[in-house]
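Report on one structure; see the data block that follows.
What you see is a predicted model; the values in this text were computed from it and never measured.
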There are 2 protein chains.
Amino acid sequence: MSKRHNTTLKELALALNLSISTVSRALNDHPDINEKTKENVKKLARQMNYSPNLFARSFRSQKTNIIGVIVPNISHYFTSTILKGILEEAEIQGYRVIISESNNSETKQTEMLNTMTQFGVDGILMSLARKTTKVDDVLRTLNRAPIVLFDKVSQKIPCTQVVINEEEAAFNAVEHLIELGKERIAIIKETENSYNSEKRYAGYLRALEHHGIRIREKIILSTEDISLIHGRRLTNILLSMKKRPDAIFAITDDAAIGAIKALNKFKIKIPEEIAVVGFSNSASSKIIQPELTTVDQPGDKIGRTAVKYLIDEIDSPSNNIITKTVEIKTTLVVRDSSLRA
Amino acid sequence: MSKRHNTTLKELALALNLSISTVSRALNDHPDINEKTKENVKKLARQMNYSPNLFARSFRSQKTNIIGVIVPNISHYFTSTILKGILEEAEIQGYRVIISESNNSETKQTEMLNTMTQFGVDGILMSLARKTTKVDDVLRTLNRAPIVLFDKVSQKIPCTQVVINEEEAAFNAVEHLIELGKERIAIIKETENSYNSEKRYAGYLRALEHHGIRIREKIILSTEDISLIHGRRLTNILLSMKKRPDAIFAITDDAAIGAIKALNKFKIKIPEEIAVVGFSNSASSKIIQPELTTVDQPGDKIGRTAVKYLIDEIDSPSNNIITKTVEIKTTLVVRDSSLRA
DNA sequence: CTGAAAGCGCTTACAG
DNA sequence: CTGAAAGCGCTTACAG
């Protein structure tokens, strides 16, 4: 047998002097077929190393059993934990997963959506590229295949959205700082109004209001790119103020770690002088000194949940397009950066 | 037009009162077709939101343009950078990528190989699960589709293997410590003889020999699971010795970071008393205090290279099975954990 | 219990 | 310049 050759039903049928139909049925354990025949067929199939061509099967059944996934950046840790959940759940349910990256480019994202529908995926899981504005492209895809959004979502797209309890999580994080006795709590958030940043900011505001703490515009800082470097830069600005904050809530771990790096540099005691809380529970949050208090986002569960909702829609396609939001609970992981002395 | 409906060539043909053949050729800009006809066809195709069913096309051409990827753990940072490279290069070359995780289980790995060949992927990229012993399964797959291994490879599998210059990289890392004036250099490696651990250990030995430094068995430590926790544990053992080492070379960043955490706890000066060098240039290596000297592994390049070699084999299937090793160069990133005072 | 035939959507050699 | 027909590998309703 030469290399790269795949045995087909036809070959088996020829060798056994049976019809293709019978061979197919025998392999699929169809009740009609004689036990003896089944045995013979299966034996030869094993010998000839036969395995069904799933592509042909999918083609016939008009169902690919493939889920397409589009994420902004695959090497972002939180994203990779979601992907892990997606892969696990998809495998359990008998689906394969095609992954692609939009690199936060809307153009690329549209291209990916097109390839995926052309390819005939049964459904699409997507976390939106930053600044996704031309929702039309996504809506057009929605006519072809069900979509479930996760993490970076948009209410403008009428479909199921799997997110964490952003607002509540931020509320809890800030309340934790207040209970620690902190009163001048700065926030480092995004300039652009992403779903996530907006919700976390709302939680911050609500916590302050709820506890009767005055909102100080001066210590509400924003940045385009919510990274370690900008977390550090904005913290330096906070430190240059006449009246420094006594806590910093950064809406990402990266920015919070940047903040800690800045505070460490000036030998400011954490959490006594300034406490810090982040968001994500990334691997780095346990590496930084002092270890970072942060919101744990269960990526695995988000991924699994998104897959479940998507497969539900694949199995029972409904024509009523609705925006449904599914919230996954998070927990605050308290570490040294905000531990009561 | 109802939801979830895909226009087909047949429908276009019917609407235009043309044959399916003509419509197909018009859309593919076949020179035989009348310009006017092409225009009409294309116009209607746009109106009816037609896009070709790639599944049908693949089915006919017996080529899926899909690459299967199997990795032990998708959320390992280094792996995700390789995946990034794979996705980028695959897209450029017009391939789609199916990703799955073996979770370091050989059984699961075999299953994935089977599904992928059944599915008819054009080729497979794989990083082996730990302790892959039953090479037979992989060899059987090799009869169906070309395989290129990367990172976790095995010489027992006759195929192209894309790796980094493990031995040389370790040699350079240890030589760097020697040039710093260190003489009692401990190594933290894996118990099990993985390709990577073996090569790095060989580089360590060669560097010591090359510089006429005696090899001390006592400070050559091994662990099953080369993680932060075990890096810390083994470092504690090193610290309990009568004569402590003056440097630690850990064959992963995780273990090196564990080492630094242990040293920090005992307020041991890094690098003056004990210098530390890791391997990977993970995100965490820039977070830990002091920042970690480590070997930068260009994941992106590894991924791209693996895709290129695989597509070469897909395009020109050769029957001569050979083991070819492709080495990607690394660089040592010197940071505070080994910086001359 | 087994077989002949249709069909999934597409491309292309062959005919006119 | 256009069309009828075969075929990629499989499943299944229909017939016997």
Side-chain angles (χ1 to χ4, degrees), chain A residues 4-42 44-45 48-66 94 115 117-122 144-145, chain B residues 4-42 44-45 48-66 94 115 117-122 144-145:
Chain A
R4 311 282 134 88
H5 173 74
N6 288 339
T7 309
T8 65
L9 284 187
K10 198 175 169 185
E11 287 165 13
L12 288 178
L14 211 68
L16 289 159
N17 201 20
L18 282 168
S19 74
I20 295 177
S21 331
T22 307
V23 174
S24 170
R25 280 191 273 250
L27 289 172
N28 292 322
D29 260 329
H30 194 285
D32 275 1
I33 306 294
N34 187 317
E35 277 307 323
K36 192 90 194 268
T37 314
K38 280 188 193 172
E39 265 176 43
N40 289 336
V41 173
K42 286 182 182 171
L44 187 70
M48 291 182 67
N49 203 9
Y50 172 80
S51 70
N53 180 330
L54 295 184
F55 230 79
R57 196 179 273 175
S58 296
F59 174 54
R60 186 175 198 282
S61 62
Q62 292 301 88
K63 186 150 184 324
T64 55
N65 268 46
I66 297 181
T115 335
T117 48
Q118 271 188 44
F119 193 67
V121 297
D122 290 341
R144 308 294 220 69
Chain B
R4 309 283 134 91
H5 173 74
N6 288 340
T7 309
T8 64
L9 285 186
K10 198 174 168 184
E11 287 163 15
L12 288 178
L14 209 70
L16 288 159
N17 200 20
L18 281 169
S19 74
I20 295 177
S21 332
T22 307
V23 174
S24 170
R25 280 192 273 251
L27 289 172
N28 292 322
D29 260 329
H30 194 285
D32 275 3
I33 306 294
N34 187 318
E35 277 306 321
K36 194 87 193 272
T37 314
K38 281 188 192 171
E39 266 176 42
N40 288 336
V41 173
K42 287 181 182 171
L44 188 71
M48 292 182 66
N49 204 9
Y50 170 81
S51 69
N53 180 329
L54 294 185
F55 231 79
R57 196 179 273 176
S58 295
F59 174 54
R60 184 171 200 282
S61 62
Q62 292 299 91
K63 186 150 186 324
T64 55
N65 269 45
I66 297 181
T115 337
T117 48
Q118 271 188 47
F119 193 66
V121 297
D122 291 340
R144 307 295 220 69

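- The heavy-atom pair separating B/I20 from B/A13 by the smallest distance is N-CB, 3.8 Å.
- Base pairing of C/dA13: no nucleotide in any strand meets the Watson-Crick or G-U wobble criterion (both distances under 3.5 Å).
- Dashed line: the shortest gap from a side-chain N or O of A/N28 to OP1 or OP2 of D/dT11 is under 4.0 Å.
- Residue A/R25 places no side-chain N or O under 4.0 Å from the OP1 or OP2 atom of D/dT11.
- In this entry D/dA4 has no Watson-Crick or G-U wobble partner, no candidate having both defining distances under 3.5 Å.
- For A/E35 and C/dT2, the CD to C1' distance is 15 Å, given to the nearest whole Å.
- Listed pair A/T22 / C/dG3 meets the phosphate criterion, a side-chain N or O lying under 4.0 Å from OP1 or OP2.
- Across the protein-nucleic acid pair, A/E11 atom CD and D/dC8 atom C1' stand 13 Å apart, rounded to whole Å.
- Counting non-hydrogen atoms under 4.0 angstrom, A/D32 reaches a base of the nucleic acid.
- Applying the 4.0 Å criterion to OP1 and OP2 of D/dG9, one finds that A/Y50 has every side-chain N and O outside that range.
- When the nearest nucleotides of DNA chain D are assigned to B/H30 and B/A56 by heavy-atom distance, the more 5′-ward of the two goes with B/H30.
- Closest to the side chain of A/F59, out of C/dC10, D/dC8, C/dC8, is C/dC8.
- One finds a salt bridge joining B/K38 and B/E35 here, because a Lys/Arg side-chain nitrogen approaches an Asp/Glu carboxylate oxygen to under 4.0 Å.
- Backbone-only contact: B/L18 has heavy atoms under 4.0 Å from sugar-phosphate atoms and none from a base.
- Rounded to an integer number of Å, the gap from CG of B/L16 to P of D/dG3 is 10 Å.
- Within 4.0 Å of B/T8, counting heavy atoms only, lie sugar-phosphate atoms of the nucleic acid but no base atom.
- Between the A/N65 side chain and the A/G94 main chain, a donor and an acceptor come within less than 3.5 Å of each other.
- Listed pair A/S21 / C/dG3 fails the phosphate criterion, with no side-chain N or O lying under 4.0 Å from OP1 or OP2.
- Between the P atom of C/dG9 and the CD atom of B/Q62 lies a distance of 18 Å, rounded to the nearest Å.
- Inter-residue side-chain proximity for B/L44 and B/Y50 is flagged as unmet; no heavy-atom pair is nearer than 4.5 Å.
- If you check every strand for non-hydrogen atoms under 4.0 Å, A/R60 touches a base.
- To the nearest 0.5 Å, atom OG1 of residue B/T22 and atom CG of residue B/L27 are 11.0 Å apart.
- Residue A/S19 places no side-chain N or O under 4.0 Å from the OP1 or OP2 atom of C/dA4.
- Separating the CZ atom of B/F119 from the C1' atom of D/dG9 is a distance of 14 Å, rounded to the nearest angstrom.
- Protein atom CG of B/L14 is 14 Å distant from nucleotide atom P of C/dG9, rounded to whole Å.
- Across the protein-nucleic acid pair, A/F55 atom CZ and C/dC10 atom P stand 14 Å apart, rounded to whole Å.
- Considering only side-chain atoms of B/I20, the nucleotide from C/dT2, C/dA5, C/dT11 that sits closest is C/dT11.
- Within the 4.0 angstrom heavy-atom criterion, only backbone atoms of the sugar-phosphate kind lie near B/T37; the bases stay farther away.
- In this structure, of D/dG9, C/dG9, D/dC10, it is D/dC10 that holds the atom nearest to the side chain of A/R57.
- Each of C/dG3, D/dC10, C/dG9 was ranked by its minimum atom distance to the side chain of A/L9; first place goes to D/dC10.
- If you take CD on B/E39 and CG on B/N34, they are separated by 9.0 Å, rounding to the nearest 0.5 Å.
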